[in-house]
Amino acid sequence: MLTFSLAAATAQQALRLRVTDSATAQPLPGATVRLSDGKYTTTDADGYFVIAQAGQMQTILVSYTGYLSREIVLDGTITGDVALEAGKMLSGVVVSSTRGRRTQYELPLRADVVDNQKIQEMPSLSVDDYLRTIPGVSVSRGASFLGAATISLRGTGNEPGRTLVMIDGVPVNKSDGGSVNWNAIDPTNVEQIEVLKGPGSSIYGGNAMGGIINIITPLPVKPLQGSISQEAGSFNTWNTRLNAAGRHKAMFWGVSGRYRQSDGYVTNPIEEVSEFSVASFLEEYQLGLRAGVQPGPRQLLDVSASIYQGRRGTGSKFTGYGFANEDLAAPQGAYNEYASASARATYRGALAGNLQLTVSAFGQRENYSNIRESVRSNRITRYDVLSVRDDMGLLSSLHIEAGSMHRITTGVDLRHGSVDGNDKYLTSSDVVINRGKLAQAGLYVQDEIRLPGSAWSFLAGLRFDHASFFGGQFLVENPGSETAFLGDFSGSLPQADFSAISPRLSAQYQPGDSYRVFAGVSKGFRPPVLDELCRTGRISGGMKIANPSLRPEYLFNVETGADFFPGRMLSFSPTVYFSRGKDYHAYISTGDSLMMNNRMRPIRKMDNIGRVEIMGGELAASFNPSRAVSLNMSYSRINTRILEFRVLDQLTEDNLHGNELVYQPASLFNTSFVIRHKWVNLFAAFNYKGSQWLNEVNTQTLEAFNYTDVRIWKELAGRITLEASAHNLFDQQYVDSRSMTGPGRLVMFGLKVVL
């Protein structure tokens with residue numbers, strides 16, 4: 001329901017009205033107000049508009065996306081509130097698209113929202129599980145919550161840096177590899193998830209080449225609120241969560257913590273299980289703090305910090321076999337460890353009636369370690385990969401309400417990332433060091449254009465980014481037999497600079513509340529990550545060398561889509577798109593080889609290989625016959641093809657022209673239904689993921705698979721929730737990542753108490 005709060009008339013007989021959402025009490029900027037004399041205005045960033053000469057009787061027509069329009073007669077005696085009935089379109093708020101608060105269907109692009117109701121009802125082991133319901137989003141987790149997740153939007157491949165991931169508008173991708181530690185994001189601290197598909201570089205720069213995922217956390221609204229929950233289930237998995245928050249007048253605070261451990265299971269495929277294979281275990285904890293002040297709807301200071309510690313077994317253990325140097329083996333077996341700390345602060349304030357400034361500062365550090373062990377000639381070889389990854393930045397945006405037609409957003413973004421890593425051999429004196437820094441700066445401007453009295457709207461944006469790689473080093477200290485082959489590559493790396501221009505232009509036609517149609521063109525880019533610029537070392541099947549001359553990769557996208565609401569209960573949203581990638585990144589052979597482990601191995605490097613083509617279609621549909629029943633469906637079809645592949649060595653390198661991209665399923669399907677009843681609630685979802693190419697030459701595949709998730713829960717006295725969930729209910733066996741089998745059926749039971 002939409003409510004108008006009417007302020008008193010001024011001495012000049014002006015009437016000032018404020019538009020708010022009664023469910024959230026948040027102002028709704030951009031509501032359209034048409035006066036009977038033909039004049040036209042819109043509400044400002046606080047939801048206000050002013051009508052002069054309010055003492056004269058006149059009629060206004062007020063409309064807002066997601067609600068039915070209504071005529072109101074102003075006769076100079078209006079008091080109280082005026083309510084509008086919700087229309088057929090949804091009204092979820094999207095902030096990631098234009099760095100401002102806009103409704104989901106207000107923008108001429110495809111933005112999907114996982115709202116709080118879905119988050120509360122879906123069974124999830126980690127935050128990325130919520131994304132499986134969105135068409136065009138491919139989520140890969142080889143060992144469920146025991147492994148790392150990779151998210152791909154619209155066929156852009158398995159490079160994590162092609163999708164920008166943010167929390168409350170602040171990036172969390174690491175400059176070293178572009179990856180995101182999804183296990184470090186607390187699912188209980190998520191209010192809403194917004195996904196913008198297609199290049200978002202015109203407003204957010206690098207890493208947004210394939211799209212944007214923005215995770216919104218909730219601000220407290222009560223003096224005291226929160227919950228404590230305990231889950232237990234398969235593989236001796238235990239998960240404890242606690243969060244508490246509160247608000248006193250303008251001040252708010254929050255604290256959260258969680259601990260999870262699991263004995264895990266053997267993730268190796270049956271044909272790769274050996275006497276050294278063990279279960280991949282998990283142990284992790286997290287603590288988060290938050291505080292701030294919000295004196296008004298246009299003023300906010302929000303500061304938060306978080307620490308995370310996680311250890312994940314990688315499935316091998318070499319103790320207990322009597323090896324000569326067994327004391328050097330890891331007692332728990334090989335593992336990956338993540339120790340991270342992050343902080344962010346956001347200020348949002350009004351500079352004038354039509355100006356609003358938002359500034360965010362952030363920083364994060366991750367200490368990553370990876371224990372790598374093998375056995376050769378009855379002796380253990382072990383080296384530990386240790387990396388310190390730092391990222392920090394300052395983001396700004398200035399919103400300008402320029403009359404009734406234009407909403408302009410402009411700003412400057414600064415980011416800095418670094419890595420200081422080394423491979424330290426415990427069974428010899430070898431130490432391999434890689435270091436590098438990456439500085440980025442971006443300047444952008446965007447204009448949302450609405451034609452008065454017209455169903456047409458437009459979005460135009462342009463951004464310039466410049467990045468510098470410097471301080472690069474690859475060093476080999478005390479080289480022995482393990483690293484002697486790397487000596488020729490040791491030394492400082494040259495500085496490199498690159499720039500990118502990212503435009504966007506899109507249009508939308510929305511004559512009413514029953515449908516809308518949009519189309520647009522955009523260009524995105526992804527800068528090289530530090531791992532590609534400065535790291536030389538072993539990879540599967542050989543060795544890679546650093547490539548500081550690597551250029552950015554680009555994606556040009558054309559799309560069109562629509563949303564139809566033929567009735568209050570039904571909606572469906574089709575989209576089709578065509579993308580061309582230029583200077584795409586991939587490993588290619590340099591033409592050289594070297595002796596590794598008594599075998600000649602190729603030397604590779606990440607390079608700009610040429611051009612790729614991606615085209616696809618998406619369909620989302622929902623049917624809600626009542627508040628008690630919901631049915632949702634999403635389907636994606638994605639085709640990829642390499643149009644041009646640069647080959648340096650014809651003798652050792654395959655020409656991949658015409659091949660498809662790896663780890664990209666051609667089909668994705670999800671359907672779910674929810675039944676809400678006072679006695680019991682039920683959520684069930686069926687997921688299908690099509691086959692994927694496992695290697696670049698397209699000779700090995702990961703077979704298609706499907707699984708079903710179910711959750712049953714019961715609320716008692718409004719504060720206690722009992723639940724049971726089954727992930728992969730029918731115990732389907734599948735492989736979703738190289739050399740890692742899925743866990744099969746995973747059953748969890750839980751108890752939650754609301755404060």
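For the single chain, residues carry numbers from 1 onward in sequence order.
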Quiz item: Shortest non-hydrogen contact from K118 to N632?
Solution: NZ-OD1, 4.4 Å
Exercise. Go through L668 and V137 one step at a time and tell me if the side-chain contact (heavy atoms from CB on, under 4.5 Å) criterion holds.
Key: CA-CA 8 Å; L668 293 166; V137 179; over 6 Å; no
Quiz item: Can you check whether S667 reaches F669 side chain to side chain, under 4.5 Å on heavy atoms?
Solution: no
Quiz item: Is the shortest heavy-atom distance from the side chain of Q192 to the side chain of V113 under 4.5 Å?
Solution: yes
Quiz item: Any side-chain donor paired with an acceptor under 3.5 Å for S152 and S138?
Solution: no
Self-check item: Residues which pass salt bridge (Lys or Arg N to Asp or Glu O under 4.0 Å) with D709, listed by chain and number, not counting sequence neighbours
Solution: none
Practice problem: Apply ring-ring contact (aromatic ring centres under 6.0 Å, His included) to F556 and list each qualifying residue two or more places apart in sequence or on a separate chain. | Solution: none
Self-check item: Closest heavy-atom pair and its distance - G349, Q299
Solution: CA-OE1, 3.6 Å
Quiz item: Does D583 have any side-chain hydrogen bond (donor to acceptor under 3.5 Å, both in side chains) partners at least two apart in sequence or in another chain, and if so, which?
Solution: R551
Quiz prompt | Qualifying residues under ring-ring contact (aromatic ring centres under 6.0 Å, His included), relative to F572, sequence neighbours excluded | solution = F564
Exercise. Measure across T156 and G210 and return the closest heavy-atom pair with its distance rounded to 0.1 Å.
Key: CG2-CA, 3.9 Å
Practice problem: Could you check if a side-chain atom of P503 sits within less than 4.5 angstrom of a side-chain atom of S202, using non-hydrogen atoms only? | Solution: no
Quiz item: Should I212 and M166 count as side-chain neighbours, where that means a heavy-atom distance under 4.5 Å?
Solution: yes
Quiz prompt | Between Q104 and E106, a side-chain donor and acceptor under 3.5 Å | solution = no
Quiz item: Looking only at heavy atoms, which two atoms of S201 and S502 are closest? And how far apart?
Solution: CB-OG, 3.5 Å
Quiz item: Residues in salt bridge (Lys or Arg N to Asp or Glu O under 4.0 Å) with D129, at least two apart?
Solution: R132
Practice problem: Provide the closest heavy-atom pair for G206 versus L164 in the form atom of the first, atom of the second, distance. | Solution: O-CD1, 4.4 Å
Quiz item: What heavy-atom pair brings G161 and N207 nearest, and what distance separates the two atoms?
Solution: O-ND2, 2.9 Å
Quiz item: Cut-off 3.5 Å, side chains only: do Y444 and T410 have a donor facing an acceptor?
Solution: no
Exercise. Would you kindly say whether Q508 and R516 are connected by a side-chain donor-acceptor distance under 3.5 Å?
Key: yes
Exercise. For the pair N173 (side chain) and G178 (backbone), establish whether a donor and an acceptor sit closer than 3.5 Å, ignoring hydrogens and angles.
Key: yes
Practice problem: Could you please spell out the steps behind the side-chain contact (heavy atoms from CB on, under 4.5 Å) verdict for F518 and S506? | Solution: CA-CA 7 Å; F518 68 90; S506 53; over 6 Å; no
Quiz item: Residues two or more places apart in sequence or in another chain: which of them pass side-chain hydrogen bond (donor to acceptor under 3.5 Å, both in side chains) with R110?
Solution: D563, T575
Self-check item: Heavy-atom side-chain proximity of V190 to T217 below 4.5 angstrom
Solution: no
Quiz prompt | For R526, all residues meeting side-chain hydrogen bond (donor to acceptor under 3.5 Å, both in side chains), sequence neighbours excluded | solution = E532, E553, H585
Quiz prompt | Interatomic distance, S457 atom OG to L451 atom CG [nearest 0.5 angstrom] | solution = 8.0 Å
Practice problem: List for me each residue that meets side chain to side chain contact (heavy atoms under 4.5 Å, CB included) alongside L570, sequence neighbours excluded, and say none if there are none. | Solution: P566, F623
Quiz item: Side-chain contact, heavy-atom cut-off 4.5 Å: Y347 with D302?
Solution: no
Quiz prompt | Straight-line distance of S304 OG to N189 CG, nearest 0.5 Å | solution = 8.5 Å
Quiz prompt | Side-chain donor-acceptor pair present, N687, N670, cut-off under 3.5 Å | solution = yes
Quiz item: Is there any salt bridge (charged side-chain N to carboxylate O under 4.0 Å, His left out) pair reaching into residues 611-640, and which pairs are they, with sequence neighbours excluded?
Solution: R154-E618, K197-E618, R580-E613, R611-E644, E613-R641
Quiz item: Hey, is D465 close enough to R463 for a salt bridge, meaning N to O under 4.0 Å?
Solution: yes
Exercise. May I ask you to decide if V170's main-chain N or O and S360's side chain share a donor-acceptor pair within less than 3.5 Å?
Key: no
Quiz item: Residues two or more places apart in sequence or in another chain: which of them pass side chain to side chain contact (heavy atoms under 4.5 Å, CB included) with I501?
Solution: L462, F464
Self-check item: Partners passing side-chain hydrogen bond (donor to acceptor under 3.5 Å, both in side chains) against S630 (at least two apart in sequence or in another chain)
Solution: N624, R676
Quiz prompt | Gap between atom CE of M615 and atom CD1 of I638 - 0.5 Å precision | solution = 12.5 Å
Quiz item: What residues, two or more places apart in sequence or in another chain, satisfy salt bridge (Lys or Arg N to Asp or Glu O under 4.0 Å) together with R344?
Solution: D168
Quiz item: Could you walk me through whether L459 and L505 pass the side-chain contact (heavy atoms from CB on, under 4.5 Å) check?
Solution: CA-CA 6 Å; L459 180 66; L505 179 63; over 6 Å; no
Exercise. Scan L661, I642, N608 and name whichever one has a side-chain contact (heavy atoms from CB on, under 4.5 Å) with Y584.
Key: L661
Quiz item: Distance from E660 atom CD to N639 atom CG, nearest 0.5 Å?
Solution: 7.0 Å
Exercise. Mark yes or no for whether S672, through its side chain, and A685, through its backbone, hold a donor-acceptor pair below 3.5 Å.
Key: no
Quiz prompt | Close side-chain approach of L643 and V612, heavy atoms under 4.5 Å | solution = no
Quiz prompt | T671 side, atom OG1; L631 side, atom CG - distance, nearest 0.5 Å | solution = 5.0 Å
Practice problem: With the side chain counted from C-beta on, respond yes when I449 and H406 share a heavy-atom pair under 4.5 Å apart, and no when they do not. | Solution: yes
Self-check item: Point-to-point distance, once rounded to the nearest 0.5 Å, from OH of Y688 to OH of Y635
Solution: 8.0 Å
Practice problem: Using only heavy-atom distances, determine whether the side chains of S622 and S571 contain a donor-acceptor pair under 3.5 Å. | Solution: yes
Quiz item: Passes side-chain contact (heavy atoms from CB on, under 4.5 Å), R407 versus R450? Steps please.
Solution: CA-CA 9 Å; R407 299 176 186 170; R450 293 183 175 275; 4.2 Å; yes
